[in-house]
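Letters A, B, ... mirror the listed sequences (proteins, then strands); counts begin at 1.
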There are 2 protein chains.
Amino acid sequence: MYLSTISETDLRQLTVNDPFLGEYQRLVRNVVIPYQWEALNNRIPDAEPSHAIDNFRIAAGQQAGEFYGMVFQDSDVTKWLEAVAWSLCQQPDAELEKTADEVIDLLAAAQCEDGYLNTWYMLKEPGLRWTNLAECHELYCAGHLFEAAVAFYKATGKRTLLDIACRFADHIYTVFGPGENQLHGYPGHPEIELALMRLYEVTGNNDYLALANYFVEERGAQPHYYDIEYEKRGKTFHWGNWGEAWMIKDKAYTHAHKPMVEQDEAVGHAVRSVYLMTGIAHLARISGDESKRQTCLRIWNNMVQRRMYITGGIGSQGIGEAFTSDYDLPNDTAYSESCASIGLMMFARRMVEMEGDGQYADVMERALYNTVLGGMSMDGKHFFYVNPLETYPKAIPFNHIYEHVKPVRQRWFGCACCPPNIARTLVALGHYIFTPREDALLINLYVGNSLQVMVGGKPLDITISGNYPWDEQVTISINSPEPVEHTLALRIPGWCDALKVTLNGEVYCGAIDKGYLHIHRSWAAGDVITLQLPMPVRRVYGNPLVRHLAGKVALQRGPLVYCLEQADNGSELQTLSLDKGSEFVEVAGTGVMANKILIQAQGHRQTLDASQDKPLYQFDQPMTRSAPQTLTFIPWFSWANRGEGEMRIWVDEDC
Amino acid sequence: MYLSTISETDLRQLTVNDPFLGEYQRLVRNVVIPYQWEALNNRIPDAEPSHAIDNFRIAAGQQAGEFYGMVFQDSDVTKWLEAVAWSLCQQPDAELEKTADEVIDLLAAAQCEDGYLNTWYMLKEPGLRWTNLAECHELYCAGHLFEAAVAFYKATGKRTLLDIACRFADHIYTVFGPGENQLHGYPGHPEIELALMRLYEVTGNNDYLALANYFVEERGAQPHYYDIEYEKRGKTFHWGNWGEAWMIKDKAYTHAHKPMVEQDEAVGHAVRSVYLMTGIAHLARISGDESKRQTCLRIWNNMVQRRMYITGGIGSQGIGEAFTSDYDLPNDTAYSESCASIGLMMFARRMVEMEGDGQYADVMERALYNTVLGGMSMDGKHFFYVNPLETYPKAIPFNHIYEHVKPVRQRWFGCACCPPNIARTLVALGHYIFTPREDALLINLYVGNSLQVMVGGKPLDITISGNYPWDEQVTISINSPEPVEHTLALRIPGWCDALKVTLNGEVYCGAIDKGYLHIHRSWAAGDVITLQLPMPVRRVYGNPLVRHLAGKVALQRGPLVYCLEQADNGSELQTLSLDKGSEFVEVAGTGVMANKILIQAQGHRQTLDASQDKPLYQFDQPMTRSAPQTLTFIPWFSWANRGEGEMRIWVDEDC
């Protein structure tokens, strides 16, 4: 475990100018953040109202009315604030900052004397604070408030929101703990653990570290806290729509079925799982706790080696938004929530920090460039909550196994967790690109950007340029005013097996350690590293234990997973197969696919004899003729941007 | 449409001595009927109590207590009585008949003055009769009572139950109809329509024909009766477990979304659909109503050409036990209820009677020899309610898309519709084997039996012998005391394309009309027909529009669909493929598979390199070696008789 200090990349010192992801950041800045501000203020026509700002106004006594929304509605505001904060690092915006300051003042006005702040309980269930940790997201919302506070402080240096957060955290520290008069509980929806770790890093307040540790250690203890509070409040429950207290009974759903040290599988609600593990991994590194590290390794390995889609999606089923069992990865009924892949990126980031191993960055990249990007439409106004790997729209409305699946992105959600989550993640990419350690600067992602990072008091100015993941060449140049001795650790992607590196024009050969090429030298202005990361189109095959992938193949180029879409290939995609020996031709996309590389390859289509209406079943010979057809594959993240149609990633392979 | 008289085969004049299905009849007689009698009296250990007999005792004032069970609990008793009746035709049993007489006396004692009889409403909701036709099975239970009454009368000549039924039917005739003071309603669960047709045939009472016709004609009329009664009773609903009156709102679920003349798709609850269509087909023939006939043809064609599994199963989804959409036939999440295939046999029987076309008998045979037989275990004590075409037991408990699937047959059900339904069907096979028309005796199924049927006042004694569906030869011999001039119409199965027929030793060549070979002559004792029905193992391919069958093949021999089971082939069946050119070897089964023909063929297994724990996804080469393996296929109806394990019908085919 890597124990020496890791500093979080200072986003004020980082400018993303990536031709590809830079566009997404601009989209978040110019479309998503303003759009979501309109949404938070119920100004999106034909969309469910959010009422999230109103809730705070009512709590602050500035407006009459009643609470409206989910029990976690507050978090939509704080996730938006976090997105704004990281966006301000990227590009100052006085008006936006003023709007954010006003929202923060609103939060301050709404906060209780003792530091408590949650509009659901303040308005809807006064006096019932902390009575239903299992179901009611109180600590979850606190966590998102803390994350926003840390972000806003780091982005602007302003303490107002940070002070609000600390007052609330201090209050929570008095409420929860081993003391006789304290509650021995922990959140049904983890999030505060990872947020307390961030708050600890910014404030250095050990109480926050201790509180995070308490929540983790107490989890799953017997007698079970969820049962105790359930009895205490007279067996009421919040999620009654299933007619029973299922969320309290099904303790694996919240990963509280046993202590973390005894857990070894990724189970239950996928988002809860990765949020929890992100906090535990962070805590394990900071506290040097080997037992917590082992828990992270066990859960990670099960999740990534048995229960993760090729797209970096996790959570195989809609009911419970949950993991199922090893190798159970159905394509058309997948849940694969956008937020779960964001959480997987967060978990991966903390594993990279703890282990300094590129395999974690590989998963981070897989989730980012496939499911996370795919969660948002190219107009920035539509979002996928669920990300299937195969869709057949004609069948979706008529078969309940597809109940959770939408064939096109939706404008907004009653449960609006995903859109602001995608926004805050895309503007904070700098935290994932680099892992700045004392002994080395790990470069995890090849997103074009310029960064200044301090090394032993001296500025190291580094620029990454290229057009990743479309172009194979990435250039890393140094432009520090004075030489700086340091190690640059370049991640060699797991999908890349023929790396070429030059340093100042000379071929560079060095040892690759845990997936990173380490280059140590005194870096001076003008130093240039070039990486050649060959990106041939490659066929991917599934583990035979994944029964849904038998006989099928997927295409991947660099980190991008590709798919067939009806718009390019016609309908009934199941009748298409890819020839085993076919060559791949890279084609430049046009229209909405502009600046993207599409792939064409020789395949076949089973064609029904049109002369008659064929029966369902026929003897002896397939009731089809096979006709050659050029198949066109598009990057999966860009599907469903051309209207409703069939899509599939895994295609039958011809012999 | 065939309008001339059709008589139902008199089961007292028919003796099944088929080596194969005869065993099933013996099983029903010796195990199922006694077992179910125990069940109806709550004497099965570890099984949910039925309480169905107690309900009648309480209603008759012979016992204290409260109603317990489903709103259709009464039908378990009447379906059992029907099974007993047809079984008594097969083999007299004084003690069993005495037990049945006592149950019938109990029903008589329970029946109200005005003829009404339904223990749910008499005990649980007195005064609320006929207030919730959409949901509450009152007319459905009446229908099963009528069917039992007809059966018991035909089997024993005793009128007690028939009189109970007629009194109830007469009462219903006064309650429902176009009159001002009558209810303009119809059942949410069809059944009474087909039962009234049977009651009409036995009694000749035109009121019953008129009532059946009224229920069919009124169905789907606007303003909608379900809404009217819903308003009238203050918007209460029975199936509240979904938190809303879904069964009333979703009118397609009960096939009441529009008038029958406008319906052209098999939608909604599968059992309701085929029960309704059975009644309509019967009514259409008797009344010569071409418009109703066209409705039957439209619904049949959509059902059989777009929405039926190769096993004769119908209903693709668990929620709603319902049809989904054209070509949506998933194998592992199929519902395919046993009762739905029984209903499909009933619908097919009425279509044969109306159309005299073997294509309907082909479907009848497909449903009987696959799903219906598969619904019961070989010990006669365990039953499938749901009949998937593929199971992977390890995944079932963890993914909600499999919620309705059981990997092994269950002992009994809280909703116990299937077991008695299978029983009453298997002992009444004679009704499906023959269709006795004035101008010909249609032989639909080649089940070994002896029948005496009257032709123009003369007895035609006919015996069918062989060992169908295992042996290819079927012998039909005549042993009438005096010659009888008549036409025997021998069905040529759709799966058979190389028929050989001899008449008294001479090769017989005749015209095949609508799937039947018609042989007209003066039949005399000693006449012998032999049919040679070649049963090579044949590969079946799915229509390419069924996306779940792409690249896959199934095996069929005669009418039997085969499958791979873990017990013979090891686990991870998805790693097995059948070679395209492989020969098929027929093997005699042993143990529980005794007297069954198994099939062996050359295939391959993808074998994981055991030297390492493989990743989920791998580039460039399938992460497996392929090793030859002999595949063993068993008749699908016999799966899950050797404990829990994987099963699949559709197998990948190697090139």
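- For the options A/Ile310, A/Thr575, A/Ile401, heavy-atom pairs under 4.5 Å to chain B are most numerous at A/Ile310.
- A salt bridge does not link A/Arg605 to A/Glu572: none of the charged side-chain nitrogens sits closer than 4.0 Å to a carboxylate oxygen.
- Using a 4.5 Å cut-off between heavy atoms, B/Val267 makes no contact with chain A at all.
- A distance-only check finds a donor-acceptor pair linking the side chain of B/His404 to the backbone of B/Ala334 [under 3.5 Å].
- With chain A as partner, the option from B/Gln317, B/Lys394, B/Gln305 having the largest number of non-hydrogen pairs under 4.5 angstrom is B/Gln317.
- In this structure, chain A has no heavy atom under 4.5 Å from any part of B/Pro397.
- Neither the backbone nor the side chain of A/Leu573 comes within contact range of chain B; no heavy atom of the residue lies under 4.5 Å from a heavy atom of that chain.
- Here B/Leu545 is the residue among B/Val553, B/Leu545, B/Val546 with the most heavy-atom pairs under 4.5 Å with chain A.
- At a 4.5 Å heavy-atom cutoff, the contact between B/Asp620 and chain A is made by backbone and side-chain atoms alike.
- Between the CZ atom in B/Phe323 and the CZ atom in B/Arg307 there is a gap of 8.0 Å [rounded to 0.5 Å].
- Here B/Glu653 pairs with B/Arg539 in a salt bridge; the nearest charged N to carboxylate O distance falls below 4.0 Å.
- With chain A as the partner, the residue from B/Asp497, B/Leu329, B/Thr324 showing the most heavy-atom pairs under 4.5 Å is B/Thr324.
- A side-chain N or O of B/Asp326 and one of B/Asn302 form a donor-acceptor pair less than 3.5 Å apart.
- Only the side chain of A/Asp652 has a heavy atom closer than 4.5 Å to any heavy atom of chain B.
- At a 4.5 Å heavy-atom cutoff, A/Tyr335 makes no contact with chain B through either its backbone or its side chain.
- Using a 4.5 Å heavy-atom threshold, the side chains of A/Met308 and A/Leu344 count as touching.
- Ranked by heavy-atom pairs under 4.5 Å with chain B, the list A/Glu403, A/His548, A/Gln556, A/Gln606 is led by A/Gln556.
- Taking 4.0 Å as the cut-off between side-chain N and carboxylate O, B/Asp328 and B/Arg306 do not count as a salt-bridged pair.
- If you tally non-hydrogen atom pairs under 4.5 Å between each of B/Ser316, B/Gly318, B/Ala550 and chain A, the highest count goes to B/Ala550.
- Each of A/Phe237, A/Tyr253, A/Trp239 was scored for a ring-ring contact (aromatic ring centres under 6.0 Å, His included) with A/Trp246, with one residue passing: A/Tyr253.
- At least one donor-acceptor pair under 3.5 Å links the side chain of B/Asp362 to the backbone N or O of B/Gly494.
- Between chain A and the residues B/Thr333, B/Leu549, B/Val540, B/Asn399, the most heavy-atom pairs under 4.5 angstrom are made by B/Asn399.
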